Amino acid sequence: NGRNAYWGWGSLIYPYFDTGRIAIRTRAKAGTSTRTFILDGRWDKIMATLKKGDFVIMQFGHNDHAGVDDTIKQKGTLLGISDSTKEIISIRTHNPEIVHTYGWYLRTFITETKSKGAIPIVCSLVPRDRWNHGQVIEEAEYPEWAEAVAKANGAYYINLNRIIAAHWIAIGQDSVKHFFPGDGTHTNINGARLNAASVAEGIKGLKDCPLNQYMKN
């Protein structure tokens, strides 16, 4: 919403859709992981209104690598996509909490979306402003995990990391640095605008995805 000059692509995706035929709601929240999106009750609010034929575009990963059982935020998830768990004492409730892997939480979003007759679309996390000899350092593990979970559970997948990185290389590192007002992760409105265009590009690349019929030419 522009606080600290930070913008997410969800706020800028509207121009790519025929909003006379489809309604768009942005439920993203900076700083959340797959785990805390559930713990904060945000996923329950989505599920309460989700109906058959809806689409859910989800992107997680940047915050999932944070601390799992630290004494400050506890927003991280276990690495990977297995069913591994870890029991901790929650600083939120002071009661035991079972923490799962990134893939487990992502799988929960997908399966619960489908249980409503809605259609899940998984995006990989967007790249950070990190370079090596003129090439963007692409995230490796989280996009791979997201793709594996999406494909195994019948969701569409967009490698947003790769699409955006290609555009960044085309415009150059010096131009890209102006997309980041405070750090190398949170974009300003211009960076978010490019990311939104990349999401639209990714959706159009999903040839059999019915969301395409609501996109502007």
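These values consider heavy atoms only, across backbone and side chains, with no hydrogens, waters or symmetry-generated copies. Note that the structure is predicted; figures quoted are calculated from it, not measured.
Although no hydrogens or angles enter the test, the distance criterion places a donor-acceptor pair under 3.5 Å between the side chain of K114 and the main chain of N153. Side-chain atoms of Y157 come within 3.5 Å of backbone atoms of P143 as a donor-acceptor pair (strictly under, hydrogens ignored). N159 places no side-chain N or O within 3.5 Å of a backbone atom of S124 that could act as its donor or acceptor partner. Side-chain atoms of T108 come within 3.5 Å of backbone N or O of W104 as a donor-acceptor pair. At least one donor-acceptor pair closer than 3.5 Å links the side chain of T187 to the backbone N or O of W7. Looking only at distances, a side-chain donor or acceptor of H62 sits under 3.5 Å from a matching main-chain atom of V126. Under the 3.5 Å distance criterion, the side-chain polar atoms of D44 are left unmatched by any main-chain donor or acceptor of G41. At least one donor-acceptor pair closer than 3.5 Å links the side chain of D70 to the backbone N or O of K73.
Separating the CH2 atom in W168 from the CD atom in Q135 is a distance of 13.0 Å, to the nearest 0.5 Å. To the nearest 0.5 Å, atom CD1 of residue I158 and atom CD1 of residue I203 are 5.0 Å apart. Going from atom CD1 of I189 over to atom CG of L194 covers 13.0 Å, rounded to the nearest 0.5 Å. Taking CE of M47 as the start and CZ of F109 as the end, the distance is 10.5 Å to the nearest 0.5 Å. Annotation: the span from I169 atom CD1 to I164 atom CD1 amounts to 12.5 Å, rounded to 0.5 Å.
Within the structure, side chain to side chain donor-acceptor pair (under 3.5 Å) contacts touching residues 77-91 (residues at least two apart or in different chains) are D64-T77, D69-K86, S82-S84, D83-R107. Pairs of residues two or more places apart, or lying in two chains, that qualify as side chain to side chain donor-acceptor pair (under 3.5 Å) and include a residue from residues 195-209 are H167-E201. The stretch residues 184-217 participates, sequence neighbours left out, in these ring-ring contact (aromatic ring centres under 6.0 Å, His included) pairs: Y6-H186.
A salt bridge links K151 to E147: one of the charged nitrogens lies within less than 4.0 Å of a carboxylate oxygen.
Between T36 and T32, the shortest heavy-atom distance links the atoms OG1-CA, 3.4 Å. Closest of all the heavy-atom pairs between L106 and A146 is CD2-CA, 3.8 Å. For I171 against S175, the heavy-atom pair with the smallest separation is O-OG, 3.3 Å. The nearest pair of heavy atoms linking P127 to V136 is CB-CG1, 4.1 Å. In terms of heavy atoms, L78 sits closest to V99 at CD1-O, 3.6 Å. The minimum heavy-atom distance linking I81 with A148 is given by the pair CD1-CB, 3.9 Å.
Around the CZ atom of R162, the shell of radius 6.0 Å holds no more than 12 heavy atoms that belong to other residues, nucleotides or ligands.
Among residues two or more places apart in sequence or in another chain, the side-chain contact (heavy atoms from CB on, under 4.5 Å) test is passed with L39 by R35, R92, E97. For K52, the salt bridge (charged side-chain N to carboxylate O under 4.0 Å, His left out) criterion is met by no residue, not counting sequence neighbours. Contacts of T71 classified as side-chain contact (heavy atoms from CB on, under 4.5 Å), with partners at least two apart in sequence or in another chain: none. Every residue two or more places apart in sequence or in another chain that forms a side-chain contact (heavy atoms from CB on, under 4.5 Å) with R130 is listed here: R128, I137, E139. Listed by chain and number, the residues in a side-chain hydrogen bond (donor to acceptor under 3.5 Å, both in side chains) with N63 are K75 (sequence neighbours excluded). Residues satisfying the salt bridge (charged side-chain N to carboxylate O under 4.0 Å, His left out) criterion with D129, sequence neighbours excluded, are absent altogether. For E141, the side-chain contact (heavy atoms from CB on, under 4.5 Å) partners are W145, not counting sequence neighbours. Remark: Y105 engages H100 in a ring-ring contact (aromatic ring centres under 6.0 Å, His included) (not counting sequence neighbours).
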I'd like a table of donor-acceptor pairs (distance under 3.5 Å, sequence neighbours excluded) in which one partner is a side-chain atom from residues 15-22, with atom names and distances.
residue : atom : partner : partner atom : Å
D18     : OD1  : G20     : N            : 3.1
R21     : NH1  : Q213    : O            : 2.7

- Message: Show, in sequence, the C-alpha distance, side-chain angles and deciding distance for R42 and K29, and conclude whether the side-chain contact (heavy atoms from CB on, under 4.5 Å) test is met.
- Response: CA-CA 9 Å; R42 297 180 183 279; K29 176 66 170 63; 3.6 Å; yes
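Aromatic ring centres of F60 and Y102 lie farther apart than the 6.0 Å criterion allows.
For the pair I119 and T113, the minimum side-chain heavy-atom distance is 4.5 Å or more. Between L211 and L206, every side-chain heavy-atom pair lies at or beyond the 4.5 Å cut-off. W9 places none of its side-chain heavy atoms less than 4.5 Å from the side chain of R193. M58 has its side chain out of reach of F37: every pair of non-hydrogen atoms, C-beta onward, lies at least 4.5 Å apart. Residues Y156 and C123 form no side-chain contact, since every pair of their non-hydrogen atoms from C-beta on lies 4.5 Å or further apart.
Residues I38 and L125 share a single hydrophobic cluster, defined by chaining ILVMFWY side chains whose heavy atoms lie under 4.5 Å apart.
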